[in-house]
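Written out below as structure tokens is the structure these notes cover.
Residue numbering restarts at 1 for every chain, and letters A, B, ... go by the order of the sequence lines.
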Amino acid sequence: MSRTGWILATLASHWRRNPVQLAALIVGLALATALWSGVQAINAEARCSYAKATALLGGPDVGVLRPARGKTLPQSVFVELRRAGYQVSPLVEGAISVNGKRLRILGIEPISMPSQAAPDGLQGDAVADGIPAFLQPPWEALAAPETVAVLEGNPDLPPRRADGSLPENLLVVDIGVAQTLLGLEGSISRLLMAQDVEVPDATLNRLGLRLAAPSEQDAATGLTDSFHLNLTAFAFLAFAVGLLIVRACIGLALEQRLPTFRTLRACGASARELAIAVLIEVLALAILAGLAGLVLGYLIAAALLPDVAGSLRGLYGVSVSGTLRFAPEWVLSGLGMSVLGALAAATAALWTVYRMPPLAAARPDAWRATQGRQMRQGLAAAALCAAAGVALYAYGDSLEAGFATIACVLLTAALVLPAIVGSILAIAGSVVRSPVSEWMIADMRQQLPGLSLALVALLLALAANVGVGTMVGGFRETFLEWLDRRLAAEVYVRGVDEAQARAIDAWAAQQPEVSELLPGRFADAFLTDQPVEVRSVVDAPTYRDGWPLLRASPDAWDAIFSDEAAMLSEQAAVRLGMGLGDTVDLGTGPLQIVGIYADYGNPKGQVMLSLERLERDFPDARRMGTGIRLDRAAIDPLLERMTQAFEVPPDNIIDQVALKRLSRQTFERTFAVTAALNVLTLLVASIALLTALLTLFDRRLAQLAPVWALGLARRQLAGLELAKTLVLAALTALVAIPVGLILAWLLVAVVNVKAFGWRLPLIPYPEQWLTLGLLAVAVAAIAAIVPTIRLSRIAPAQLLKVFASAR
Amino acid sequence: MLAIRDVYKSYATPEGPLNVLRGIDLDVTAGQSLALTGESGSGKSTLLHAIGGLEPIDSGTIKIDETDISGLRDRHSAAFRRGRIGIVFQQFNLVSSLTTAQNICLQARLSGQFDPAWAEHLTEILGLLGFRDRYPEQLSGGQQQRVAIARALALRPRLVLADEPTGNLDTETGDKVMEVFLDLIGETDCALVMVTHNPRLAGLMQLSVKLVQGRLA
């Protein structure tokens, strides 16, 4: 074996003799990597789904012509363009429900389609067999293998062929088949063309077309970026908490091995060789723990992915595969983070080893002597972090700056925690009188440096819980109140077509039990190059009294119904930088903004006009379900009469209660992932505390043995040890609450506004703080239970050995 | 074998430089044993550490087998030390996570000069056969010091440096350890430089010098 090998073997012997410490290091790093790589796996899967969706239509290499207004075009537009010599290809899209699940249908015309836009199943070698089967009865359809499996045996759809390049829940069929399936005979949704084809603006205007911006084709990526950034930020927090365990373990191992380093130096190992050996050791441990973390991360991601997919579908309407694939992207990211994290945690140790003189004082407690200096340095660094946080808050204007501000707050809190807890203990020490209490507080102060990293881990986990809990709690309250206002009508009815919808509206208006009728329409439009929804409102008390207005001009509703004004959703106002009194133009004349309203959960900005103005400006606007206000007791008889009078499919009648339940489910699912990450972070922190207590156990004996010799029973000592841990955890929880509130405030006032465009009220939940405080104490109790039991059962001989060693 | 010429060493203190070694000149030939005696703070241990390349000197030369180790960089000084010099500390300085057998072999393995038969011989002579798988914490002070001696001799060094090797042991145990130690030194024909406060131990060496305030008396 080489010299480095022997040095490594000597260093490794420390881990053999201290397996708990080794386990702590590996568990800490594995957990940190697991949470990070788990979230990266989820993000990678989602991005893969978006990429497939974008790539399916050729991405930026393919030009797209869309209807200037509305969702569809007459098929004759395609015919006219082709006759004029433009190489365009028609496409129709929509969704149908199959066994209660949404299935996207994409109808294409493969012969005229730009080659880069065609699915793999209709390209290259597949053309010869694929295209004839696609274009002739029984009209073979293409779908992702997972979708083919889900649709197995369905007789209502064309036969399916698997195509791995397609996203899930999508069926690609011939355009004629799609038009039939979607009930869009004679209509097309878009026209595709090669990027070099240029259609003059005059022709586009005459045919009611517009050239879609490249960003529209990649809308899913843009919209969901903030969601993924949020997940990444949480994963990074969990990673940082995990790294604290690693930092503590490596620091402790260095401290315990100082005599070994000194001996190795005396035996002829150079500082460089020692530093290289420590580096190799850290890298080996990082790779080992990283691999374990990847497996764990995969399991976490697989467990969370269905909720994330549900959230993304609910929030942004994007389809993400519910099955996780092993992608090199997140595997490498996880391993990379594990290695980089371990190196970051070991930097100080490596530097110490490299700079260590051969006769370095081999006192295991040497670090404690520098406690005061370290604390002063920590406070100076905290002041710098706090200043950076304030500067970022004041001058930062992006989501990234928001997260950086949060990082500064957490780092500041982490750096000042030992000083705060130390000061509280110092004050307590000057107040207590009994000798045992005096010793207990003095001992806690001495114990603080060894436990400070674990306490910081607990602080970060608790602060994240308080912050996110406050944000989610406030959001939930606001959301539920908003839901009550937005879904005020007891029943929503949608006619199968325009004629039936009009007939139902007319019929309902004559029913005596109906107190208000709230018909509506919506259309798509652009406002300063950003896609927005335009929705209508009718003059009714439900809207005037209950609409969730955040800000409004006096007589805002009268202005709206004078057809010269509009209201903006909060996210549209934030994105466009507009406020009350400003003017918007949807291409149909100026409208003054008279109100800003909450529109949670809608990724698009929204503009609200009177129904008359909307019907005038957007003649092909689609109908929304008509809201019907009536006594709840009168719902069933009314619906019975309605279904007798009209053939309304059951799916077109939506009870408000069911709709609210669905909305609440989407809301809860959205935050299920956040809650899971919160719990996991707290778990990592509890492991940090447990490992710190276990690894410090032997060193603690030197402090406990003299007190035992003076007459405190082992059991009594064990009880005091437990009490000390609980007090330290409780003090940490006390610091975590204000830090968590600052975090919550930054989340609602900065991050949410940047990420989603809405600002939420900050509602404090003292009962939640109490629960978390108790949870912190419980976590500490669980972490301290093993060392406490060990201490209560320790053999007197082991305590006596302390004196023998001292001699 | 060991030639020390005009060696000076001082430490910076808040009160100004503290001169620990002031112009030391000393020669030890192969197979010779030398006792370094003197009051606490006279510079004995500093001189010993300087000979071992563990402590840099301000000026002068320390040559071992014609190699001036005072001018070597850390890497070369370490390489020289692991191949030629065995050190026995007062505090034993065993690696607590290695067994007796592993501790004995440590330096010899690092230097690539491990001789299993010689290590076995040392283990036997030093009465450690029954303790080979024990860890340092499971050994008495005398046993730990014998392990430290075995480790220093296992690489068949040219020079052994011992810093109060029996300072932590009672008189009877110390005498026994020294007896075996000196026998083994004789057996290996290496030079020995030993720091001691004990005049009786110093009397067992072939040469004895006394340091007074950093100078040879």
Got B:Ile57 and B:Thr46 here, is their nearest side-chain heavy-atom distance under 4.5 Å?
-> no
Determine whether A:Leu343 and A:Leu283 make a side-chain contact, defined as any pair of heavy atoms from C-beta on separated by less than 4.5 Å.
-> yes
Go through B:Leu26 and B:Leu2 one step at a time and tell me if the side-chain contact (heavy atoms from CB on, under 4.5 Å) criterion holds.
-> CA-CA 8 Å; B:Leu26 198 62; B:Leu2 170 66; 5.5 Å; no
Between B:Thr67 (side chain) and B:Ile69 (backbone), is there a donor-acceptor pair under 3.5 Å?
-> no
If you count heavy-atom pairs under 4.5 Å between each of A:Ser270, A:Cys267, A:Ser2 and chain B, which one has the most?
-> A:Cys267
Identify which part of B:Arg73 has an atom lying under 4.5 Å from any heavy atom of chain A, answering side chain, backbone, both or neither.
-> neither
Taking C-beta and beyond as the side chain, do B:Leu21 and B:Arg215 meet within less than 4.5 Å on heavy atoms?
-> no
Would you say the side-chain atoms of B:Lys44 pair up with the backbone N or O of B:Thr196, donor to acceptor, closer than 3.5 Å?
-> no
Quick one: which residues of residues 4-13 of chain A reach chain B at under 4.5 angstrom, heavy atoms only?
-> A:Trp6, A:Ile7, A:Thr10, A:Ser13
Of B:Arg75, B:Arg151, B:His76, B:Arg109, the largest count of non-hydrogen pairs under 4.5 angstrom with chain A goes to B:Arg109
Pick one of side chain, backbone, both or neither for B:Leu106, based on which atoms fall under 4.5 Å of a heavy atom in chain A.
-> side chain
Between B:Thr166 and B:Met178, is there a donor-acceptor pair closer than 3.5 Å when you use the side chain of the first and the backbone of the second?
-> no
Any idea which of B:Leu110, B:Leu155, B:Val95 has the most non-hydrogen atom pairs under 4.5 angstrom with chain A?
-> B:Leu110
Would you check if A:Thr788 and A:Ser792 make a side-chain contact, meaning some heavy-atom pair closer than 4.5 Å?
-> no
Can you tell if the side chain of B:Ile4 reaches within under 4.5 Å of the side chain of B:Ile51, non-hydrogen atoms only?
-> yes
Ordered numerically, the heavy-atom neighbours of chain A under 4.5 Å found in residues 117-136 of chain B are B:Tyr135
Is a side-chain donor or acceptor of B:Asn103 paired with a backbone partner of B:Leu98 at a separation under 3.5 angstrom?
-> yes
In terms of side-chain heavy atoms, does B:Glu39 have a donor or acceptor partner in B:Ser42 at a distance below 3.5 Å?
-> no
Contact check, side chains of B:Leu192 and B:Leu182, non-hydrogen atoms, under 4.5 Å | yes
Answer with side chain, backbone, both or neither: which region of A:Arg17 has an atom nearer than 4.5 Å to a non-hydrogen atom of chain B?
-> side chain
